[in-house]
Novice: 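One structure, pasted below without further comment.
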Number of protein chains: 2
Amino acid sequence: MNDRIDEITNNLSRKRISESTIRRLSLYYRALSLLEKEGYETVSSKELAKREKLTPAQVRKDLSFFGSFGTRGLGYPVAELRRQLAAILGIDRQWQVALIGVGNIGSALVGYKEFVRQGFQIVKLFDNDQRKIGSNHKGIVVSDIADLESELKADSIEMVVIAVPATVAQYIVDDVVNAGIKAILNFAPVNLRVPSDVYLRNENMSMELEYLSFAIVNQHAQKRVRT
Amino acid sequence: MNDRIDEITNNLSRKRISESTIRRLSLYYRALSLLEKEGYETVSSKELAKREKLTPAQVRKDLSFFGSFGTRGLGYPVAELRRQLAAILGIDRQWQVALIGVGNIGSALVGYKEFVRQGFQIVKLFDNDQRKIGSNHKGIVVSDIADLESELKADSIEMVVIAVPATVAQYIVDDVVNAGIKAILNFAPVNLRVPSDVYLRNENMSMELEYLSFAIVNQHAQKRVRT
DNA sequence: ATTATATTGTGAACGTTTTCACATAAAGGT
DNA sequence: ACCTTTATGTGAAAACGTTCACAATATAAT
């Protein structure tokens, strides 16, 4: 019964999974959720690839890193593969997320349904602005950032989203790291230093517009890309 | 006097610039802006690499695709290189951007300062909600999405940001494409179809949280990555 | 002038990721 | 039972991206 789990563990510990593969896993997961809703029981690598603008070989290779989920001649079982991917991505559970910085971007993220849909629940808000502290955003009362460390620990938060101005982001991150958080998503347009056991991802929205701008200005230069 | 421009053009038309290189150009640009503010006249590939967590060789190779900007023994002229990169990225000008969908994410983006700082000005808002149409967001009156085509053309908009629900995103994109727009940044968590001459980038914020979740759940598996 | 030091620009080596191509195997039709 | 079709899983090849290593060249010190 635990063969699959062993297999996954084995594969994971032996092979190196690339960042691109993991990102595509998210895409597959999303596509499978949709396919399941549409009533499909199985799906081929060809169809999955088409929906996410990839190649069938890529899909098969990506999945093969984690096990053999398909049936030759038939394809992959939609519901089952979705479940498997959820487990692999670690989104077969709820994650308690704290959000720091209830400004422009911050407030938008509080109500971002896609987070909830994937199991990420923002359960705590922090800000340093006295006018915001104590106020209520979608049912969550904003805490004083001065209480960051104690409150993060008290609520056993595992992930933090940072949406503060670039100038103060490093100080905030240092506090977050001190509170023992190991996973941070940063929206501030600045490069943050974290110890090597802390996972940090940066979300830089204007970078994407810059890419578009480059593409327009240099029509000829780069390849069409699958975003 | 136009040697540099010719050189850039030549390099661009001959070589293939990878997506990663372009994304790093954005990082260099940001780092250079900061260095300039800090008063530096020159910067070495070593220092630039350190600031963006890359290798000096990477920095030099990336820049070398576009020309020879540095001086051996000295490094790169900060202000000059910043200007050059702005020109390469196409952000040495203002871009008129329209934003469709004044919901959660949409409203946040209207006031997102980093966009403005890089030359992207949101000058038009659209929504289909009667309660929102006509209302004012940061000085911009929300237009009816029914007038999309005519209004986009009238205001010579060149880029569009889509922040509508996933279920309607494809219809909106079709309209946007019909209006002649060639560059689209999509925040809806769905894969959109566009003709091959339209540049489309997707911003998927929960994908980043999923990556963090994967990283925590599979500590051992993937390499530390530079986000 | 000469030498030491710093640092670029780049071809070649290396490593990683993607794609190819095919053996394998399940399902369905005859 | 056999053949045809469909489609996976995966080594091997190809393509791509990164790093190495060093010649070239500028500056600074003596």
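This is a predicted model, so every value here is computed, not measured.
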Novice: Report the distance from atom CZ of A:F69 to atom P of D:dT8, rounded to the nearest whole Å.
Specialist: 14 Å
Novice: Tell me whether the side-chain N/O atoms of B:S20 come closer than 4.0 Å to OP1 or OP2 in D:dG17.
Specialist: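 Answer is no, no contact under 4.0 Å.
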Novice: Let me know the distance between CZ of B:R23 and C1' of D:dG17, rounded to the nearest Å.
Specialist: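 Going from CZ in B:R23 over to C1' in D:dG17 covers 15 Å.
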Novice: Rounded to the Å, how far apart are B:L54 CG and D:dC20 C1'?
Specialist: 17 Å
Novice: Starting from C1' on D:dG9, measure out to CD on A:Q58 and report it in whole angstrom.
Specialist: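 That distance rounds to 15 Å.
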Novice: Using a 4.0 Å heavy-atom cut-off, does A:K46 contact any base of the nucleic acid, only the sugar-phosphate backbone, or nothing at all?
Specialist: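 Since no nucleic acid heavy atom lies under 4.0 Å of A:K46, the category is nothing.
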Novice: Give me the ring orientation class for A:F120 and A:F115: parallel if the planes are under 30° apart, tilted from 30 to 60°, perpendicular past 60°.
Specialist: perpendicular
Novice: Whether B:S45 contacts C:dT8 is assessed here as follows: a side-chain N or O lying under 4.0 Å from the phosphate OP1 or OP2. Is that the case?
Specialist: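 For C:dT8, OP1/OP2 do have a side-chain N/O of B:S45 under 4.0 Å.
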Novice: Once you round it to whole Å, what is the distance between P of C:dT18 and CG of A:L63?
Specialist: 13 Å
Novice: Where the side chain of A:R60 is concerned, which of D:dG9, C:dG9, C:dC20 is the nearest nucleotide?
Specialist: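 My answer, after comparing the listed nucleotides, is D:dG9.
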Novice: Starting from P on D:dA12, measure out to NZ on A:K61 and report it in whole angstrom.
Specialist: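 After rounding, the gap between these two atoms is 11 Å.
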Novice: With sugar-phosphate meaning primed atoms plus P, OP1 and OP2, does A:T21 contact a base, only sugar-phosphate, or nothing at under 4.0 Å between heavy atoms?
Specialist: nothing
Novice: Does this structure show an ion pair linking B:R83 with B:E36, if we count only N-O contacts that are shorter than 4.0 Å?
Specialist: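 Salt bridge between B:R83 and B:E36, a charged N being under 4.0 Å from a carboxylate O: no.
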Novice: Counting just side-chain N and O atoms, does B:Y76 come under 4.0 Å of either OP1 or OP2 of C:dG9?
Specialist: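 The answer is yes; a side-chain N or O of B:Y76 sits under 4.0 Å from OP1 or OP2.
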Novice: So, is the end of the A:R24 side chain (NZ or CZ) under 6.0 Å from the ring centre of A:F65 and within 45° of the ring's axis?
Specialist: no
Novice: Starting at CG of B:L48 and ending at P of C:dG9, how long is that distance when rounded to a whole Å?
Specialist: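 Going from CG in B:L48 over to P in C:dG9 covers 12 Å.
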Novice: If we ignore hydrogens and angles and just use 3.5 Å, is the side chain of A:T42 paired with the main-chain N or O of A:G75 as donor and acceptor?
Specialist: no
Novice: Looking only at side chains, do B:Q219 and A:Y199 share a donor and an acceptor under 3.5 Å apart?
Specialist: yes
Novice: Short question: side chain of A:Q170, backbone of A:R193 - any donor-acceptor pair under 3.5 Å?
Specialist: yes
Novice: Could you list the protein-to-nucleotides 26-29 of chain C atom pairs, N/O on both sides, closer than 3.5 Å?
Specialist:
{"unit_1": "C:dA26", "atom_1": "O4'", "unit_2": "A:R72", "atom_2": "O", "d": "3.2"}

Novice: Salt-bridge test for A:R93 and A:E158: reply yes if a basic N is under 4.0 Å from a carboxylate O, no otherwise.
Specialist: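 A salt bridge is present here (some side-chain N lies under 4.0 Å from a carboxylate O).
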Novice: In this structure, how many angstroms lie between the C1' atom of C:dG9 and the CZ atom of B:F65, rounded?
Specialist: 12 Å
Novice: Please tell me if B:R24 has a side-chain N or O lying less than 4.0 Å from either OP1 or OP2 of D:dT18.
Specialist: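 It does, given that an N or O in the side chain of B:R24 lies less than 4.0 Å from OP1 or OP2 of D:dT18.
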Novice: C:dG9, C:dT19, C:dT7: which one has an atom nearest the side-chain heavy atoms of B:S44?
Specialist: C:dT7
